[in-house]
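Note that the coordinates shown come from a computational prediction; the quantities given were computed from them, not determined experimentally. Residue indices begin at 1 and follow the sequence shown.
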Amino acid sequence: MALADIFTRPATGGIRQVTPTAAYGARPSIAGPGMAALEEWVDGVAVLTKPDRIHWVDGSRSENEALLRGMVDDGTLIKLNPEWRPGSYLARSHPSDVARTEGRTYIASEAEIDAGPTNNWADPAEMRETLTGIFEGAMRGRTMYVVPFSMGAVGGPLSHIGVQITDSPYAVASIGIMTRVGTDVLREIATGAAWVKTIHSVGAPLAPGQADVAWPCNDEKYIVHFPETLEVWSFGSGYGGNAILAKKCFALRIASVIGRDEGWLAEHMLLIRVISPEGKAYHVAAAFPSACGKTNLAMLRPTIPGWRVETLGDDIAWLRPGEDGRLWAINPEAGFFGVAPGTGESTNVTAVETLWGNTIFTNVALRADGDVWWEGLTDTPPAELTDWEGNPWTPAMGRPAAHPNSRFTVSAGQCPQIAPDWDAPEGVPLDAILFGGRRATNVPLVVEATDWTHGVFLGSNISSERTAAAEGTVGELRRDPFAMLPFCGYNMADYFGHWLSVGQKLRFDRAPRIFQVNWFRKGADGRFLWPGFGDNARVIDWIIRRVEGAVPAVDSPVGRLPRTEDLNLDGIHVPQQDLDELFAVDPALWLSETDLTEQFYSTFEGRVPAPLYAELAALRYRLRRAQG
Ligand code: OXD
Ligand code: MN
């Protein structure tokens, strides 16, 4: 029985003797056949969680201002000095609640095999009981907010709707930036549009008269996805992806399941438009594991003259085959929830400019003048700061002032190079897809897949080195296929199969080309071989010339490589020896890497699609031939 049924069945023990939201006050005055189900669900959650108040969020400016004012008054937010950072705030989380908690994140599918070996599985019936227990009275003393949101433009052909119930005003303000919130969405629901149920509580009920704390949370945490009923339940954390359920929980884990069923893909990808010196536009989506510079690439300022990049998204892309045989992409989000440390003038000046105001910062350091700071914003830290925990800090202390996972939350529209049509409901047609990891060894700067299946094979092998490799070996790899390891809502081997089947819906001459990139390869002396950042545009320039058929490529056992003379290196000096190392393919090392791939595939107990095993066999054959 679905948990929603517990709420909607006829009252036993009196739970439906009052209609709670009526007792709590005004409901939205929107009528339509879809509203009853929404109100019934809200009633049920209120009966279970027993909030003091219910607030239906309308997404208006005045509502947002009142919410922010309330959080400043009760100490949840610090208002930053408007002279430096207008309309901006700092939140300090509890020190135990600073990141997504993957160990407490569950896929509660009916069959364990549907969660697969890369997810924590939970029995849905047992999990519903557990959640019913911990959500009982969880919102006492608090306001329960009902937040209708759309991922993608409201009513757009690739968009999907959700409703988040939460007792965290910080989450409401963040969802207001990261998604399209408000009454327009309710109108869609009223007319009968399908929507996803997401419920969040910080898990810190207040007894009558009990004072609140700045960042309520609970040591016990649950982030639970029910893929069959398209629900998310999150308890105990107020931070990021644990609390903004539209993001990783809905737009990736639940959306990946919807995409599997409907024939499209929900991906952990940035989305950009690259404009060539001739003024021609190309669209590129790129998957990188967390902390590999996705936001930097999304906001790239090319160092090669004439090229421009427009930002479309920095974290999530939904990709859908169009009737024209192309793969169309939208960024379903409306804002950026980016990692602050490492974002500075030299690494991502676009992000720095985006953050001029109207930003919620979390766990960064506070300057004496009421502005914020984090490691990497400037080369030299201010002489004194208040650190992310609220303690005095000086550089001499030798520890970071901002938490390494401190964040900014800001509207996409504030990005100075946002594409003018970033919000277009139909999205953009993709020309290229990039897969990248953080590999010190082995993986060349750029490799072109020979076809879609080979591209899927490359995506299934994204990995980063966990440990430094001894010379002549491969370091221990943290595998992150398609950069989706923590975000795929179903069995990852089936997901590989789904990628193959989406490829079959594309016209072969219109499908995006797939490339593997690696900005992080190091030389034998431990130095990065490639300058990275704005110079990554030089790699994209080659990719686009490949898409145009303007340059030949060199076949290698691992895929097609550039001729080094085709890389645009005007204005920088990369020694020939470094270029040779950047593209070197050592067959013996690669053969040991294929053993690791086989080991990884075997964890799926026969479910990895045969075409990927065929790719593995063909790769081994080519490597052995290259060995001679
Ligand atoms: C993120 C992540 O927060 O990928 O975007 O971890
Ligand atoms: Mn991400």
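- Put simply, the side chain of Leu252 reaches to within 4.5 Å of the side chain of Met484, judged on heavy atoms.
- Checked by atom type and distance alone, the side chain of Asp480 pairs as donor or acceptor with a backbone atom of Leu485 at under 3.5 Å.
- No side-chain donor-acceptor contact under 3.5 Å links Glu593 to the backbone of Ala588.
- Counting heavy atoms from C-beta outward, Leu477 and Ser464 have side chains that stay 4.5 Å or more apart.
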Chi angles and distances behind the side chain to side chain contact (heavy atoms under 4.5 Å, CB included) call for Val98, Asn363: CA-CA 8 Å; Val98 292; Asn363 287 346; 3.9 Å; yes

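- Nearest heavy atom pair, residue Ala286 against residue Lys294, reads O-CD, 3.9 Å.
- Expressed to the nearest 0.5 Å, how far NE2 of His200 lies from CD1 of Ile244 amounts to 9.5 Å.
- Judged by distance alone, with hydrogens and angles left aside, the side-chain atoms of Glu375 form a donor-acceptor pair with the main-chain N or O of Ala402 at under 3.5 Å.
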Asn296 and Asn348: CA distance, side-chain angles, deciding distance, side chain to side chain donor-acceptor pair (under 3.5 Å) verdict: CA-CA 6 Å; Asn296 293 347; Asn348 190 344; 3.1 Å; yes

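- Judged by distance alone, the side chain of Trp121 and the main-chain N or O of Ser109 form a donor-acceptor pair under 3.5 Å.
- A salt bridge does not link Glu548 with Arg546: none of the charged nitrogens is closer than 4.0 Å to a carboxylate oxygen.
- Below 30°, between 30° and 60°, or above 60°: for Phe604 and Phe600 the angle between ring planes is above 60°, a perpendicular geometry.
- Between Glu581 and Arg521, none of the side-chain N atoms (NZ, or NE/NH1/NH2) sits under 4.0 Å from a carboxylate O, so this pair counts as no salt bridge.
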Side chain to side chain donor-acceptor pair (under 3.5 Å) evaluation trace for Arg620 with Thr594: CA-CA 7 Å; Arg620 280 180 165 148; Thr594 60; 3.2 Å; yes

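- Atom CZ of Arg513 and atom CG of Asp451 lie 11.0 Å apart (nearest 0.5 Å).
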Pair Arg538-Asn536, side chain to side chain donor-acceptor pair (under 3.5 Å): steps then yes or no: CA-CA 5 Å; Arg538 299 170 191 276; Asn536 292 336; over 6 Å; no

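- Side-chain contact between Phe250 and Leu245 is absent, with no heavy-atom pair separated by less than 4.5 Å.
- Contact annotation: the side chain of Leu271 never approaches that of Trp422 to less than 4.5 Å [non-hydrogen atoms, C-beta and beyond].
- Ionic pairing of Asp494 and Arg607 is present here: one or more N-O contacts between side-chain nitrogen and carboxylate oxygen are shorter than 4.0 angstrom.
- Side-chain N or O atoms of Trp452 include one that pairs as donor or acceptor with a backbone N or O of Trp499 at under 3.5 Å.
- Leu131 CG to Phe235 CZ: the interatomic distance, rounded to the nearest 0.5 Å, is 9.0 Å.
- For CZ of Arg308, the number of neighbouring non-hydrogen atoms (other residues, nucleotides, ligands) closer than 6.0 Å is 12 at most.
- Between Phe496 and Tyr601, the angle of the ring planes lies from 30° to 60°, which puts this pair in the tilted group.
- Salt-bridge check for Arg560 with Asp555: passed, with a basic side-chain N closer than 4.0 Å to an acidic carboxylate O.
- The ring pair (Phe, Tyr, Trp, His ring centres under 6.0 Å) search around Phe515 returns none, not counting sequence neighbours.
- Across Asn442 and Trp590, no two heavy atoms sit closer than the pair O-NE1, 3.3 Å.
- Ile540 places a side-chain heavy atom less than 4.5 Å from the side chain of Leu300.
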Residues Phe408, Phe336; criterion ring pair (Phe, Tyr, Trp, His ring centres under 6.0 Å); working and verdict: CA-CA 7 Å; Phe408 52 80; Phe336 307 121; 7.6 Å; no

Residue pair Leu312, Val428: steps toward the side chain to side chain contact (heavy atoms under 4.5 Å, CB included) verdict: CA-CA 9 Å; Leu312 288 149; Val428 295; 4.2 Å; yes

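- Once rounded to the nearest 0.5 Å, the distance linking CG of Asn120 with CD1 of Ile223 reads 11.5 Å.
- The side-chain heavy atoms of Ser460 and Phe482, taken from C-beta on, include a pair separated by under 4.5 Å.
- The shortest distance between side-chain heavy atoms of Leu319 and Leu430 falls below 4.5 Å.
- Judged purely by atom type and a 3.5 angstrom limit, His225 has no side-chain atom pairing as donor or acceptor with the backbone of Pro227.
- Ile316 approaches Pro332 most closely through the heavy-atom pair O-CD, 3.4 Å.
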Salt bridge (charged side-chain N to carboxylate O under 4.0 Å, His left out) between Arg100 and Glu102, intermediate numbers included: CA-CA 6 Å; Arg100 287 184 291 102; Glu102 287 177 18; 2.9 Å; yes

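- Judged purely by atom type and a 3.5 angstrom limit, Asp431 uses its side chain to pair as donor or acceptor with the backbone of His283.
- Of all heavy-atom pairs between Ala255 and Trp264, the closest is O-CH2, 3.9 Å.
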Worked verdict on Asn461 versus Arg479 for side chain to side chain donor-acceptor pair (under 3.5 Å): CA-CA 7 Å; Asn461 274 299; Arg479 300 223 155 236; 2.9 Å; yes

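- For the pair Arg510 (side chain) and Asp324 (backbone), a donor-acceptor distance under 3.5 Å is present.
- For the 3.5 Å distance criterion, the side chains of Thr303 and Asp535 qualify, holding a donor opposite an acceptor.
- Under a cutoff of 6.0 Å and an axis angle of 45°, Arg253 and Phe487 do not form a cation-pi pair.
- Separation of atoms CG (Leu270) and CG (Asp314) is listed at 7.5 Å; rounding is to 0.5 Å.
- In summary, Arg438 and Glu465 do not engage in a salt bridge, as defined by a charged side-chain N under 4.0 Å from a carboxylate O.
- The aromatic ring centroids of Trp388 and Trp374 lie 6.0 Å or more from each other.
- In this structure, the side chains of Phe226 and Glu228 stay at 4.5 Å or more apart for every pair of heavy atoms.
- Taking every heavy atom of both residues into account, Leu297 and Ile272 meet most closely at O-CG2, 4.0 Å.
- In this structure, Thr105 OG1 and Lys221 NZ are separated by 11.0 Å, a value rounded to the nearest 0.5 Å.
- What you find for Val224 and Ala108 is that their closest heavy atoms are CG1-CB, 4.0 Å.
- For Gln577, the CD atom is loosely surrounded, since the number of other residues' heavy atoms within 6.0 Å does not exceed 12.
- Judged purely by atom type and a 3.5 angstrom limit, Ser234 uses its side chain to pair as donor or acceptor with the backbone of Asn242.
- A donor-acceptor pair is defined here as one N or O able to donate and one able to accept, closer than 3.5 Å; no such pair exists between the side chain of Thr603 and the backbone of Gln599.
- In this structure, His160 has its ring center under 6.0 Å from that of Trp318.
- The local environment of CD in Glu323 is sparse, with at most 12 non-hydrogen atoms from other residues, nucleotides or ligands closer than 6.0 Å.
- When only modelled atom types and interatomic distance are considered, Arg301 and Gln417 share a side-chain donor-acceptor pair under 3.5 Å.
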